[in-house]
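Remarks on the structure that follows.
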Amino acid sequence: MAKTDIGLRQAHRIANMTADKRTAFIAEGLPILLESARGLYAASQRVSDMSRESSVLKGHAEEEAAKILILMDIVRCPKKRIAGRIGTLMGWYYDHLSRLLYAEACQWRPIDLKELRGIIDRRRLTHYLEGGMGEFIAPNDLIYQRETRLYADIEGLDDGTLQWVAPGGYNSMFDFKPNALVVAEALSAYGAFTVDGLNILSGVWNEVDFQDDTSCHESDRLIEATLDQLVARRLASDEATNDHVKSLYQRWQMPLYALDMKAKAVERSALEAEQEGILWAEVGSANDY
């Protein structure tokens, strides 16, 4: 029976578009996503005295902006690879962990894609060891923080006990705009969300197929070439500033299209074996004295 593709969650269908039609469709959607993220972030500031509610809105703003970064990676993906990767990237578009990883990656500065892959692989584990000696088994903290902002729920601890968890927000002396939103605004200011701008991005980034040995300096070079062409074509708006340029160099991560962003399940037995290894290593260190 044929599937009825009517309603929301149809982003996967852009994989079947021709390149030109896909570019035009993405260009149409990017400003919509940006305004959605901006509106959510602005609302989070209006209720800043309600920490949980403010955190929820800010988190939603961050994930909306992360969708923009995923779409930009479709544009940055070399033409020879896009057919094999676009379906995966559009799956990330709807996946909470993938979006959170895209957002968090804006604050990292790995030396090459191999180091970035290692960071992502550690951050996508469903569970990990926590504590000075790995004495606690904890769930993926990106998803845990997201879920505990949104919902009251029942939590299972590693000793088998259950407890209620009330939703809460993170209080901080400093409130920063989400990095993913900062990057999205910078790209918009320089005209990258237009059809011409996206074609410039595609042409520039098509030069390099990011592999493990591709360095962050290559990404910087391509950012520079992109900005030069956007300015030369007079696509940058009057709002474009040097701060936007700095934000792109500092926060727009290397393309992630070659990586695996989905959650990686970790068996409890593997974590318990790791705990035992840490314990015996500590015993051995103590016996050296």
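Since we're looking at a predicted model, the values are computed, not measured.
Thr161 and Asp159 share a donor-acceptor pair across their side chains, judged by distance under 3.5 Å alone. Between the side chains of Ser269 and Glu267, no donor-acceptor pair is found at a separation under 3.5 Å.
At most 12 heavy atoms of other shown residues, nucleotides or ligands fall within 6.0 angstrom of atom CE in Met50.
Alongside Leu162, the hydrophobic cluster contains Ile154, Trp164 (criterion: ILVMFWY side chains under 4.5 Å).
Between Ala225 and Val204, the closest heavy-atom pair is CB-CG1, 3.9 Å. Scanning all heavy atoms of the two residues, the minimum distance from Val47 to Glu53 falls at CG2-C, 4.4 Å. The two residues Lys79 and Ser202 make their nearest non-hydrogen contact at NZ-OG, 3.4 Å. Taking each heavy atom of Pro110 and Cys216 in turn, the nearest pair found is O-CB, 3.3 Å. The two residues Ser247 and Val183 make their nearest non-hydrogen contact at O-CG2, 4.4 Å. Nearest heavy atom pair, residue Arg99 against residue Tyr93, reads NH1-O, 2.8 Å.
In summary, Arg117 and Asp112 do not engage in a salt bridge, as defined by a charged side-chain N under 4.0 Å from a carboxylate O.
The ring pair (Phe, Tyr, Trp, His ring centres under 6.0 Å) contacts involving residues 111-136 comprise nothing, where partners must be two or more places apart or lie in separate chains. Pairs of residues two or more places apart, or lying in two chains, that qualify as salt bridge (charged side-chain N to carboxylate O under 4.0 Å, His left out) and include a residue from residues 131-146 are Glu63-Arg146, Arg123-Asp141. For residues 213-270, every residue pair satisfying the ring pair (Phe, Tyr, Trp, His ring centres under 6.0 Å) rule, not counting sequence neighbours, is listed here: Trp205-Trp252.
Taking the side chain as every heavy atom from C-beta outward, Lys58 and Pro178 approach each other to under 4.5 Å. With contacts defined as side-chain heavy-atom distances shorter than 4.5 Å, the pair Glu115/Leu113 does not qualify. Using a 4.5 Å heavy-atom threshold, the side chains of Tyr190 and Thr226 count as separate. Considering only heavy atoms from C-beta on, Asp213 stays 4.5 Å or farther from Lys114 through its side chain.
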- Task: Start with the C-alpha gap between Arg221 and Glu207, add the side-chain angles, then the distance that decides, and say whether side chain to side chain contact (heavy atoms under 4.5 Å, CB included) holds.
- Result: CA-CA 11 Å; Arg221 182 184 71 81; Glu207 298 176 14; 3.4 Å; yes

Set out, in order, the CA-CA distance, both residues' side-chain angles and the distance that settles salt bridge (charged side-chain N to carboxylate O under 4.0 Å, His left out) for Lys262 and Asp95, then state yes or no. CA-CA 8 Å; Lys262 297 289 284 185; Asp95 182 68; 3.4 Å; yes

* Asked: Please walk me through it: do Arg38 and Glu35 pass salt bridge (charged side-chain N to carboxylate O under 4.0 Å, His left out)?
  -> CA-CA 5 Å; Arg38 280 174 163 166; Glu35 288 311 305; 2.9 Å; yes

Can you give each donor-acceptor pair under 3.5 Å made by side-chain atoms of residues 68-78, sequence neighbours left out, with the distance rounded to 0.1 Å?
{"from": "Asp73", "atom 1": "OD1", "to": "Arg76", "atom 2": "NE", "distance (Å)": "3.0"}
{"from": "Asp73", "atom 1": "OD1", "to": "Arg76", "atom 2": "NH2", "distance (Å)": "2.8"}
{"from": "Asp73", "atom 1": "OD2", "to": "Tyr102", "atom 2": "OH", "distance (Å)": "2.6"}
{"from": "Asp73", "atom 1": "OD2", "to": "Leu256", "atom 2": "N", "distance (Å)": "2.8"}
{"from": "Arg76", "atom 1": "NH1", "to": "Gln253", "atom 2": "O", "distance (Å)": "3.3"}
{"from": "Arg76", "atom 1": "NH2", "to": "Gln253", "atom 2": "O", "distance (Å)": "2.9"}

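Gln10 is linked by a side chain to side chain donor-acceptor pair (under 3.5 Å) to nothing, counting only residues two or more places apart in sequence or in another chain.
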